[in-house]
Undergrad: 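Take this structure, written in structure tokens, and hold onto it; I'll ask about it next.
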2 protein chains.
Amino acid sequence: MARTNTAPRGPGRPRASVDAAVFASTLRTVDELGYAGATMDRIAAAAGVAKTTIYRRWPSKGALIVDCLLDAFGPVPLSGASREAVLETAVRWTAAKIGEPGVGAAFAGVFTDAVSDPALRRLLATRFQAPYLEALEKRLGEPEQRMLFVIDVVVGTLLHRMGMTGEPMGEEDVDALVAMVVRELL
Amino acid sequence: MARTNTAPRGPGRPRASVDAAVFASTLRTVDELGYAGATMDRIAAAAGVAKTTIYRRWPSKGALIVDCLLDAFGPVPLSGASREAVLETAVRWTAAKIGEPGVGAAFAGVFTDAVSDPALRRLLATRFQAPYLEALEKRLGEPEQRMLFVIDVVVGTLLHRMGMTGEPMGEEDVDALVAMVVRELL
DNA sequence: AGGTATCGATACCAAAGGTAGCATAATTGC
DNA sequence: GCAATTATGCTACCTTTGGTATCGATACCT
């Protein structure tokens, strides 16, 4: 389930560097046509590559989306003087990222697919959830279970709202979410 | 998009009363095989009816799931002496319902489908969200926007956890969710 | 130049949502 | 009892989509 996109040394034609183009095409297509409308054929066409080329690098649509999201999110910002400030920064960053075109819809879609795809669920847990969880629990000094609960509240709420309205959460509600989470972690 | 399952008077063969069997079959199949594994063919077979019969009553899989969930949830309990008690009762009831076999997975699945299906989104909003929202905001005397935010937090968190782990939320975390929400609504 | 690995293109498969058509069964009204 | 009417089960079918197989062309290393 992990990506196959490694560049082997030796003879033979080298792989074209199309990752960035495919990621951009994926987010753009999801933004324009929704997760279900973003078929592999369309993503490939919009990226200017053959569908077979994508499947030579990523073993499934889920794996592609996960890599695309890892690329879109990058590392969590952990800046801030107090624990509360760090937490607030992280929550606002999550909300902002989910609000970027295509990111929220792709995020929600891959979680949906994961419900009935254990391999994808493991991929999400190890490649996505675990790194952010570890970084946050280290920085904030929170026990894992509590930190996991808070992450589920933040991500679950943001994605659910996105799914119900089709649009990212408004400023007021993000403020409320921040306040609620900060209060929760004292 | 609304259900077609009305019993017209007059001549002709009357409709068989298979709603309960179809609802039960739907939840059982979703519980055993997951939302994606619960295909219309399998749901029909497990209910002992033809697939065409189901499509004569519900115009789509989404519409079937929505009706099935309305049947499974029923009205929100609004008992409790204080506002806090009412809120706690409602949250625990939501968590318990989502924990019932098939309900959580079907709930998460239909929300997922709704992301890229505007008609289904409207159906969920009007038939599902609106009644519970109205009942709660009336009973608790909260403004709509605030009540909607709290509902999104509760439902979003519960469903996200369900999607990530495949199991309903544990007792401790439900307690934390209740406390968090009660604190939020003062 | 020769060997090798990748590319694009086409054709293809299986699964799933949904539909059409038809013979048959169960009613109501005469 | 019989015709009209409506629902049911069944089979066959269409479309979309994720994913695979094959094959000639191409770009690189030695």
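The figures here come from the full heavy-atom set of this structure, side chains too, leaving out hydrogens, waters and symmetry mates. Each chain gets a letter, A, B and so on, in the order the sequences are listed, and its residues count up from 1.
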Undergrad: Of the nucleotides C:dG3, C:dG18, D:dG19, which one has an atom closest to the side chain of B:Y55?
TA: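 Nucleotide nearest to B:Y55's side chain: C:dG18.
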Undergrad: Name the closest nucleotide to the B:R57 side chain, picking from C:dA16, C:dA5, D:dT8.
TA: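 Looking only at heavy atoms from C-beta outward on B:R57, the closest nucleotide is D:dT8.
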Undergrad: Should the ring pair B:F23 and B:W58 be called parallel, tilted or perpendicular, given that the plane angle runs from 0 to 90° and is split at 30 and 60?
TA: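 Answer is tilted, since the angle falls between 30° and 60°.
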Undergrad: Can we call the ring centroids of B:F107 and B:F128 under 6.0 Å apart?
TA: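 Yes: the rings meet the under 6.0 Å criterion.
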Undergrad: Side chain of B:K61, heavy atoms from C-beta onward: which of C:dT6, D:dC28, C:dG17 has the nearest atom to it?
TA: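 Closest nucleotide among those given: C:dG17.
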Undergrad: Between B:K51 (NZ) and C:dG18 (P), how many Å, whole number?
TA: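 B:K51 atom NZ is separated from C:dG18 atom P by 9 Å.
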Undergrad: Could you state the CZ-C1' distance from B:R56 to D:dT5, rounded to the nearest angstrom?
TA: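 Taking CZ of B:R56 and C1' of D:dT5, I get 14 Å after rounding.
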Undergrad: Can you tell me the distance, in whole Å, between the CD1 atom of A:I54 and the P atom of C:dC7?
TA: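 Distance, rounded to whole Å: 11 Å.
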Undergrad: Does a nitrogen or oxygen in the side chain of B:R42 sit under 4.0 Å from OP1 or OP2 of C:dA16?
TA: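 True: B:R42 side-chain N/O within range (under 4.0 Å) of C:dA16 OP1/OP2.
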Undergrad: Should A:R183 and B:M180 be marked as a side chain to side chain contact (heavy atoms under 4.5 Å, CB included) after you check the CA-CA gap, both sets of side-chain angles, and the distance that decides it?
TA: CA-CA 8 Å; A:R183 227 180 304 144; B:M180 188 184 226; over 6 Å; no
Undergrad: Side chain to side chain contact (heavy atoms under 4.5 Å, CB included) between A:T53 and A:R15: does it pass, once the steps are laid out?
TA: CA-CA 10 Å; A:T53 296; A:R15 293 198 146 179; over 6 Å; no
Undergrad: Out of C:dA26, D:dA27, C:dG3, which nucleotide sits closest to the side chain of A:P14?
TA: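 Shortest atom-to-atom distance from the side chain points to D:dA27.
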Undergrad: Look at the side chain of A:T53 and decide which nucleotide, out of C:dG17, C:dT27, C:dC7, has an atom nearest to it.
TA: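 Of the options given, the side chain of A:T53 lies nearest C:dC7.
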Undergrad: Using whole Å, report how far CG of B:D113 lies from P of C:dG17.
TA: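 That distance rounds to 9 Å.
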Undergrad: Can you check the A:Y35 OH to D:dT17 C1' distance for me, whole Å?
TA: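 Value for this atom pair: 12 Å.
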Undergrad: Give the C-alpha distance, both sets of side-chain angles, the deciding distance and a yes or no for side chain to side chain contact (heavy atoms under 4.5 Å, CB included) between B:D113 and B:I65.
TA: CA-CA 11 Å; B:D113 283 355; B:I65 301 282; over 6 Å; no
Undergrad: Distance check needed: D:dA27 C1' versus A:R13 CZ, whole Å only.
TA: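 Rounding to the nearest Å, CZ of A:R13 and C1' of D:dA27 are 5 Å apart.
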Undergrad: C:dA15 P sits how many Å from A:D117 CG, rounded?
TA: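 Spelled out: CG on A:D117 to P on C:dA15 is 16 Å.
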Undergrad: Any idea which of C:dA5, D:dG9, C:dG17 is nearest the B:A50 side chain?
TA: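 Nearest listed nucleotide: D:dG9.
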Undergrad: Return the 5'-most residue of the pair B:G12, B:V18 with respect to DNA chain D, ranking by each residue's nearest nucleotide.
TA: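 The residue mapped nearer the 5' terminus is B:G12.
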Undergrad: Rounded to whole Å, please give me the gap between CZ in A:R15 and C1' in C:dG8.
TA: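 Distance, rounded to whole Å: 15 Å.
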Undergrad: Ignoring backbone atoms, test whether A:T52 places a side-chain nitrogen or oxygen under 4.0 Å from the OP1 or OP2 oxygen of C:dG8.
TA: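 Answer is no, no contact under 4.0 Å.
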